[in-house]
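For ligands, and for the atoms within them, numbers begin at 1 and follow the listed sequence. Residue indices begin at 1 and follow the sequence shown. If you're wondering where the values come from, they're calculated on a predicted model, not measured in any experiment.
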Amino acid sequence: MRADSGVIQSSQMVDYKFDFGTGNTNPETFPSEAFAKAAGRVIPGLSESLSHYPGKYGHEGLRRLMADREFDREGVRVDPQNMILTNGSMQAITLIAQTFCRHENSCIVMEEFCYPGSVNAFADMGIDMVGVPCDDHGMQTSELESILSTLVSQDRKPGFIYTLPTYQNPTGTVMPVERRRELLDVARKFGCILVEDNCYADVHYDGEKPPALYAMASDVRHIYLSSLSKIFAPGIRLGYLIAEPPLLNEILPHRHDAGPNTLAAAVTEEYLRGQLWQHIDRTNAALKLKRDAMLNALETHCGNLCSYVSPAGGLFIWVQLAGSIDADRLEKEAEASSLRYLPGRNFHINGNDVPYIRLAFGYPSVSEIEAGIRQLAECMKRSNRD
Ligand SMILES: Cc1ncc(COP(=O)(O)O)c(C=O)c1O
């Protein structure tokens, strides 16, 4: 059985007193009333479009808005005709794996710690994952080059390199510009497709924002994935994939779902158009308070039982447990305290046991974060062998 990806049934969610497991967003900043008004404005005009299947590209207005989002952040124009909307970026992840990993000896080269949704999807499709070691700056490009050389010498076929260069999940790392250049060079040298999963790019709190890989080179075979899950709401299930026509035309025949949800896309566009960045600023400000509350609570209560780095963006703190902590015991103690986090092995492409846990801070309230981390510290103390 594969590891828990973090996405649990809503019925289970209420079971945990402290849920730091899933990368959910902040319910307190969801604009219920304004969203209802947007629905009221837009639905009367949708009888035509809702009577059609959406097709492979999906709602044009939302694609234009997301192309503007990418332009505003990166300064590079994206043609909405090169974008398809998907049922969350997760659908795009499975679609590209289905498209580019059809050979018996296909594999995906990726950060050795990664989002479990992707790891589980690739594993389920029987695709081999080849891990690239990571450090505080993300995927190690020197290792990537030697891994690709070895794969080529073994006649194995990397379908693509899959990377999360900005606010990596789970580690929170940001790949510096120089290393991004190296990564592009390696992809170019091996003629390998580069898949950039950038769903956290706009969940930004402090520090520099390096450019996206697609904004740094136009001569690399590049597929870009992003989402509305982290800036708006995961329940909306809207993500997108951007690729130039030769690659996009390879992907499209493998899409068989008749297209993404027109209603969700139309109402979301109606709400976000004209205030996308104000909305993002508002949600990020609230998330930053939660991040800081979690960091403060860890510092106050957990002392030298663990270590971590403050993430400049994203929704997670990747916590290394002190060597004296019995990680299995900690899991049992947390479960008994109705406290949920995801253990490090859930993120390792081979399920290796690693002395880390990932804490998600987007969904719980500040007071739940403070009480929950105090509780976690108690669990750590009970699991301490010293
Ligand atoms: C790195 C990464 N990619 C993709 C996804 C999938 O997001 P969605 O399908 O909601 O767009 C997630 C969700 O947590 C993620 O962390």
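Using a distance-only test at 3.5 Å, with no hydrogens or angles considered, a donor-acceptor pair links the side chain of Arg179 to the main chain of Met139.
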Please table the atom pairs, donor to acceptor, closer than 3.5 Å between any side-chain atom in residues 234-248 and protein atoms at least two apart or in another chain.
{"from": "Arg237", "atom 1": "NH1", "to": "Ser229", "atom 2": "OG", "distance (Å)": "3.4"}
{"from": "Arg237", "atom 1": "NH1", "to": "Pro234", "atom 2": "O", "distance (Å)": "3.2"}
{"from": "Tyr240", "atom 1": "OH", "to": "Arg69", "atom 2": "NH1", "distance (Å)": "3.3"}
{"from": "Tyr240", "atom 1": "OH", "to": "Glu70", "atom 2": "OE2", "distance (Å)": "2.5"}

Please set out all donor-acceptor pairs under 3.5 angstrom arising from side-chain atoms of residues 256-267, sequence neighbours excluded.
{"from": "His256", "atom 1": "NE2", "to": "Pro253", "atom 2": "O", "distance (Å)": "3.4"}
{"from": "Asp257", "atom 1": "OD1", "to": "Arg255", "atom 2": "NE", "distance (Å)": "2.8"}
{"from": "Asp257", "atom 1": "OD1", "to": "Gly259", "atom 2": "N", "distance (Å)": "2.9"}
{"from": "Asp257", "atom 1": "OD2", "to": "Gln91", "atom 2": "NE2", "distance (Å)": "2.7"}
{"from": "Asp257", "atom 1": "OD2", "to": "Arg255", "atom 2": "NH2", "distance (Å)": "3.2"}
{"from": "Asn261", "atom 1": "OD1", "to": "Leu263", "atom 2": "N", "distance (Å)": "2.9"}
{"from": "Asn261", "atom 1": "OD1", "to": "Ala264", "atom 2": "N", "distance (Å)": "2.9"}

Side-chain donor/acceptor pairs under 3.5 Å, residues 160-167, sequence neighbours excluded:
{"from": "Tyr162", "atom 1": "OH", "to": "Ser118", "atom 2": "OG", "distance (Å)": "2.8"}
{"from": "Tyr162", "atom 1": "OH", "to": "Asp197", "atom 2": "OD2", "distance (Å)": "2.6"}
{"from": "Thr163", "atom 1": "OG1", "to": "Glu111", "atom 2": "OE2", "distance (Å)": "2.5"}
{"from": "Thr166", "atom 1": "OG1", "to": "Arg180", "atom 2": "NH1", "distance (Å)": "3.4"}
{"from": "Thr166", "atom 1": "OG1", "to": "Arg180", "atom 2": "NH2", "distance (Å)": "2.8"}
{"from": "Tyr167", "atom 1": "OH", "to": "His204", "atom 2": "ND1", "distance (Å)": "2.6"}

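Around CD of Glu33, the count of heavy atoms belonging to other residues, nucleotides or ligands within 6.0 Å does not exceed 12.
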Write 'none' if nothing qualifies; otherwise put on separate lines each N/O atom of ligand 1 with a protein N/O atom under 3.5 Å away and their distance to 0.1 Å.
{"from": "ligand 1", "atom 1": "3 (N)", "to": "Asp197", "atom 2": "OD1", "distance (Å)": "3.4"}
{"from": "ligand 1", "atom 1": "3 (N)", "to": "Asp197", "atom 2": "OD2", "distance (Å)": "2.7"}
{"from": "ligand 1", "atom 1": "7 (O)", "to": "Ser89", "atom 2": "OG", "distance (Å)": "3.3"}
{"from": "ligand 1", "atom 1": "9 (O)", "to": "Ser89", "atom 2": "N", "distance (Å)": "3.1"}
{"from": "ligand 1", "atom 1": "9 (O)", "to": "Met90", "atom 2": "N", "distance (Å)": "2.9"}
{"from": "ligand 1", "atom 1": "9 (O)", "to": "Arg237", "atom 2": "NH2", "distance (Å)": "2.9"}
{"from": "ligand 1", "atom 1": "10 (O)", "to": "Ser229", "atom 2": "OG", "distance (Å)": "2.5"}
{"from": "ligand 1", "atom 1": "10 (O)", "to": "Arg237", "atom 2": "NH1", "distance (Å)": "2.7"}
{"from": "ligand 1", "atom 1": "11 (O)", "to": "Ser89", "atom 2": "N", "distance (Å)": "2.7"}
{"from": "ligand 1", "atom 1": "11 (O)", "to": "Ser89", "atom 2": "OG", "distance (Å)": "2.8"}
{"from": "ligand 1", "atom 1": "11 (O)", "to": "Ser227", "atom 2": "OG", "distance (Å)": "2.6"}
{"from": "ligand 1", "atom 1": "11 (O)", "to": "Ser229", "atom 2": "OG", "distance (Å)": "3.3"}
{"from": "ligand 1", "atom 1": "14 (O)", "to": "Tyr200", "atom 2": "OH", "distance (Å)": "3.2"}
{"from": "ligand 1", "atom 1": "14 (O)", "to": "Lys230", "atom 2": "NZ", "distance (Å)": "2.8"}
{"from": "ligand 1", "atom 1": "16 (O)", "to": "Asn169", "atom 2": "ND2", "distance (Å)": "2.8"}
{"from": "ligand 1", "atom 1": "16 (O)", "to": "Tyr200", "atom 2": "OH", "distance (Å)": "2.6"}

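Using modelled atom types, one finds no donor on one side chain facing an acceptor on the other under 3.5 Å when comparing Ser226 with Asn198.
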